[in-house]
There are 2 protein chains.
Amino acid sequence: MSGQARVADETRERVLEAASALGYQVNMLGRGMNRQRSDLVGIVVRGATDPYRAALFEALLREIDARGLQSLVAEVDDEAALDRTIARFLQYRVSGVLVTSGAPPIALAEQCARLGIPVVALNRAVSIPGVDAVLSDNETGGRLAAEALLQAGCRHLGFLGVEGGTYSGLARSAAFVAALAPALAAGRATFRPLLAAGPGHEAGAAAAARAWDAPLDGLFCASDLLACGFLDGARATGRAAPRDVSIIGFDDVTPAGLAPYRLTTIRQDAAGLAARAAALMLERAEDPARPAVIDVVPVTLVRRETVAGLNEVT
Amino acid sequence: MSGQARVADETRERVLEAASALGYQVNMLGRGMNRQRSDLVGIVVRGATDPYRAALFEALLREIDARGLQSLVAEVDDEAALDRTIARFLQYRVSGVLVTSGAPPIALAEQCARLGIPVVALNRAVSIPGVDAVLSDNETGGRLAAEALLQAGCRHLGFLGVEGGTYSGLARSAAFVAALAPALAAGRATFRPLLAAGPGHEAGAAAAARAWDAPLDGLFCASDLLACGFLDGARATGRAAPRDVSIIGFDDVTPAGLAPYRLTTIRQDAAGLAARAAALMLERAEDPARPAVIDVVPVTLVRRETVAGLNEVT
DNA sequence: ATGAAAGCGCTAACAC
DNA sequence: GTGTTAGCGCTTTCAT
């Protein structure tokens, strides 16, 4: 059944025929047992309901499937659950683990590395030797947002992030401010950070309610969810985009493109991330001793109506 | 390791301690091999990006995990892929298969049944002996929608479904019309079906563009996605809900509750569906010969602004 | 080109 | 209460 046996073609054909006639299915448990590894890949997801996460998750499933592997998945709420989950994956002798949530606890990651099991983190900074990572180009994303807002004539810029801060949010914010630096230094612009209490629409809307105590005409948001929430919150105060404030989100999730929002945003390439993650996983499986790799996947600016004057191609 | 061995407590403790000190992890492949079954449950999903599907999917993951089982998942595009997928699941000797997409091909389902592997279909009509199903109460959903629209004073009703029709859509439509029957017979109302070219927002919006050639003041949609699309499409023609037309959706997905839509809808209980599905699966595992069960999970009317005059509790 | 045998890690059954 | 053994289904290796 392994496809590697040295038998006459005719014999092979006869046995395969018989097998299919009998409805025989290889027992992957037995194969895995014998080969000391399974074709199983563990995927750790968190908040799979969030539209961007769902898209990334789906891309991972497709990618795994396309490579003839089988996904083992676990949704995880907190770090403790992550521990249990990875341990469980280990019990199934997965040939790799893809983590889309939280930084993998160092101990577990090291254990995986020691066992020769590749771990790849998605959209997370990790500095664990032997753990690869693939992330969207937050730097370019932040810069594109800054350039677009400046080009649209905004002078009072803000960044809406989540209280406490996520890795991605911080990276985007830092890149945004860095790209703004010359304008700030020249006194051609101001910048202030805004904080939402959570990552969701509600929190974005709440932030919009109290955003007007100082001038604000250009806002870059850590995610589309926050941006759409802010937009709705702003509308509740009678404001509109881009009339009163230009807004740029991040992710390019489906709802952001729909009629009520038409949000200008930075698109993440979920399929690209997934493909790179799978590739890194397999490469490390071949060469476990290789130094850790951090792969950056390009992002693109999607021009829509929440920023004025962007329709000409730059 | 099985937890069933008859040993002195002290001995057990010592070996467990040693095991954890060594970082030992049971090999579930070996256990599965020996026990002739694994703790693996196969989940078949389709279109996991759709917000309702994503919610159901997440509920299933949680449910499986809560019961100490491990999810094996595959996203599936077409019926052929379903075939391959279920075959693959069989190879891993899953102890059950949960299908959220398409009717499981009879042949495969029968093969599972013969192998004693429970198959549960979610939100699908199945009439395969030995295959259980759990679905939302589309009948009550349709009736609640009809009652709400009539109570709101609508006289020219419509149902927006998807061309070709899905099982759920047809069931909802039929129940809606059935509940309308008395009013129709008495000449107090009219009804007409509307067809969207696809299941998504775009298709709903397109349907709204050509909905006004005949009177329409109350619309029940097969899904929230369609309803929101229709709403946006209607707005593009200068119409609004509930001013010009009352609208009720189905699913209660997150975006439907947000400011731009505030859609009155029928809420499906994803967690309830997942819990029942898991329960049915385990029950059948115990008694494979049991006749097929179809479990119906209650739905509730969520009153929001797209239907007027509903805020008093009925 | 084929057959035979060993062994992957585990657990249930049986002997002590 | 504990030690031993057989065997789950598979693949790889060695012998024919």
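Protein chains get the first letters and strands the later ones, always in sequence-line order, with residue 1 at the start of each. All of these numbers come straight from a predicted model, not from anything done at the bench.
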(request) Check the pair B:V94 / B:I117 against side-chain contact (heavy atoms from CB on, under 4.5 Å), numbers first and verdict last. (result) CA-CA 7 Å; B:V94 294; B:I117 296 181; 4.2 Å; yes

(request) For B:E13 and D:dT2, give me the distance from atom CD to atom P, rounded to whole Å. (result) 13 Å

(message) With a cut-off of less than 4.0 Å, is there a side-chain N or O of A:Y24 near OP1 or OP2 of D:dC10?
(response) yes

(message) Nearest whole Å is fine: how far is C:dT11 C1' from B:M28 CE?
(response) 13 Å

(request) May I ask you to verify if any side-chain N or O of B:T11 is less than 4.0 angstrom from the OP1 or OP2 atom of D:dG1? (result) no

(request) Report the C-alpha separation of A:D132 and A:R284 in whole Å, then their side-chain angles, then the decisive distance to 0.1 Å, and conclude whether the salt bridge (Lys or Arg N to Asp or Glu O under 4.0 Å) test is met. (result) CA-CA 8 Å; A:D132 301 315; A:R284 177 161 297 278; 2.8 Å; yes

(request) Give the rounded distance in Å between these two atoms: CD of A:E10 and C1' of C:dT2. (result) 14 Å

(request) Could you point out which residue of A:D224, A:T300, A:V299 forms a side-chain contact (heavy atoms from CB on, under 4.5 Å) with A:R267? (result) A:T300

(request) In whole angstrom, give the distance that lies between atom CZ of A:R12 and atom P of D:dT11. (result) 13 Å

(request) With salt bridge (Lys or Arg N to Asp or Glu O under 4.0 Å) as the test, would you mind laying out the steps for A:R62 and B:D77 before giving the verdict? (result) CA-CA 10 Å; A:R62 296 202 125 83; B:D77 297 306; 2.2 Å; yes

(message) Within the 3.5 Å criterion, strictly below it, is a donor on A:Q268 or A:D251 matched to an acceptor on the partner's side chain?
(response) yes

(request) Choose from C:dT11, D:dT11, C:dA1 the nucleotide whose nearest atom is closest to any side-chain atom of A:A8. (result) C:dA1

(message) Whether B:Q36 contacts D:dG9 is assessed here as follows: a side-chain N or O lying under 4.0 Å from the phosphate OP1 or OP2. Is that the case?
(response) yes

(request) Could you check B:V7 against B:N34 and say which one's nearest nucleotide on DNA chain D is further toward the 5' end? (result) B:V7

(message) Rounding to an integer number of Å, can you tell me how far A:R31 CZ sits from C:dG7 C1'?
(response) 17 Å

(request) Rounded to the nearest angstrom, tell me the gap between atom CG in A:L29 and atom P in C:dT11. (result) 13 Å

(message) Using the rule side-chain contact (heavy atoms from CB on, under 4.5 Å), only one of B:V44, B:V73, B:L40 pairs with B:F89; which is it?
(response) B:V44

(request) Grab the OH-C1' distance between B:Y92 and D:dG9 for me, whole Å please. (result) 14 Å

(message) With a cut-off of less than 4.0 Å, is there a side-chain N or O of B:R35 near OP1 or OP2 of C:dA12?
(response) yes

(request) Walk me through it: do A:R88 and B:D65 pass the test salt bridge (Lys or Arg N to Asp or Glu O under 4.0 Å)? (result) CA-CA 11 Å; A:R88 183 106 65 95; B:D65 191 64; 3.2 Å; yes

(request) Go through residues 67-74 of chain B and report each residue with a non-hydrogen atom lying under 4.0 Å from DNA chain D, sorted by number. (result) none

(message) Without decimals, in angstroms, what is the distance between B:N27 CG and C:dG9 C1'?
(response) 5 Å

